[in-house]
Structure formats: structure tokens, C-alpha cells
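Each remark here refers to the structure printed beneath this line.
Numbers for residues simply follow the sequence, beginning at 1. Note that this is a predicted model, so its numbers are computed, not measured.
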Amino acid sequence: MSSRRELFRRLGGHPPTRRPPWTAADFAAGCTGCAACVEACPEGVLKLGAGRLVELDLSSAGCTLCGECASRCEAGLFDGAGPAFPWIATIGEACLALAGIHCRSCQDACEPAAIRFRPAPGGVALAELNSQRCNGCGACLAPCPSQAIQLRALSTKESPRHA
């Protein structure tokens, strides 16, 4: 049922539903909707969505990977063994630096320093993302004034650093 709902969300132009850090693809099957992780989240990036399933909302802040959600989960659905998220950031063509505008909002918000700006002789420094450093926290999304940053699924070759 949840995969059908996800398909309709995507067809309707909605972004995919994102789940909390360190949770597996079958998170929805085990989540009880108790909201203990939502209440524990100091960043306020977790919320109860459809069917009382916990969703990650990175529209106003990123996840600091503090682990409070994992420590409070009554169902034991969090697994800290692998990467926190199955995605990393990508910087698209809407980046203001590509239009010659000085902007480093994403770099300033990126705690793991995965986003850097490469100097361009005679021009504006251009953004570069180090996929090995990006932990998928989403802290770069909200401050980007042009919404040039998206999250994309990790390929099997990529392995972000563990938080």
C-alpha cells in the first residue's frame, strides 16, 4: 500500500517521502506511530505523516544526526551500522554561482564540508560537491535561495562517510 501511495505522490509532482536517518526501506512496516522520535528531534525535522508514519522534512532545517530519534524509538527500527541516509546532495544548474552571482549559502550550512567553492579565474567561484564527504543531512537545502540543491539516491559505487 505504501509503495502505491509513493507512486501517486511522485506522479503528482510531490517529492519522495523521506524517512529518518539509519532506517531501512521497510521502516514503514514497523513504525508504530508512537511519535517518540518526533518528540525527541531537537531540529524538528521529523513529523508524523500519512498513517502516522514518521517522515523527514528538510524544508526548513537539516538533520544534525544527533541520534536522539534512534535512542527513543520504541520499535527499535534504527540501525546505526550503515550510512545515515541512502542519498546525497547534488547541485543543479539553478545554482546562482553559475549565473555569476556570489552565493555560498550551501557551503556555510554544510557541516561536513562536502560543498566547497572552486575559484574561477576572472569569475565567480563555482560550487563543487565531494560525494565522499556528503552525509545526506539536507542542511544545504533550505538555505539555497534558488533551490538548486536536490537529494539523489546513492549509487552502489558511492559510499558517504558515516556520521
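Tracing side-chain contacts under 4.5 Å through hydrophobic residues (I, L, V, M, F, W, Y), one reaches Phe117 starting from Ile91; they form part of the same cluster. Leu48 and Leu77 fall within the same hydrophobic cluster, where Ile, Leu, Val, Met, Phe, Trp and Tyr residues are linked whenever their side-chain heavy atoms come under 4.5 Å apart, directly or through other members.
If you chain together ILVMFWY residues whose side-chain heavy atoms come under 4.5 Å of each other, Ile101 ends up grouped with Leu96.
Taking every heavy atom of both residues into account, Ile115 and Cys110 meet most closely at N-SG, 3.7 Å. Taking all atoms of both residues into account, the shortest heavy-atom contact from Ala142 to Ala61 is CB-N, 4.1 Å. Listed here is the closest heavy atom pair of Cys31 and Arg52: SG-O, 4.2 Å. Closest approach of Thr17 and Glu55 over heavy atoms only: CG2-CG, 3.6 Å. When every heavy atom of Ile88 is checked against every heavy atom of Ser131, the shortest pair comes out as CD1-CB, 3.6 Å.
Residues Phe85 and Leu154 are not in side-chain contact: their nearest non-hydrogen atoms beyond the backbone lie 4.5 Å or more apart. Between Thr90 and Leu129 the shortest side-chain heavy-atom distance does not fall below 4.5 Å. In this structure, Glu68 and Pro42 have side chains that are in contact, with non-hydrogen atoms separated by less than 4.5 Å. Counting heavy atoms from C-beta on, the side chains of Trp22 and Leu65 come closer than 4.5 Å. Looking at Thr23 and Asp79, their side chains never come closer than 4.5 Å, going by heavy atoms from C-beta outward. Ser59 places none of its side-chain heavy atoms less than 4.5 Å from the side chain of Leu141. Contact annotation: the side chain of Pro112 never approaches that of Cys134 to less than 4.5 Å [non-hydrogen atoms, C-beta and beyond]. The shortest side-chain heavy-atom distance between Asp108 and Pro143 does not fall under the 4.5 Å cut-off.
For Arg116 and Glu128, the salt-bridge test fails: no basic side-chain N is under 4.0 Å from an acidic carboxylate O.
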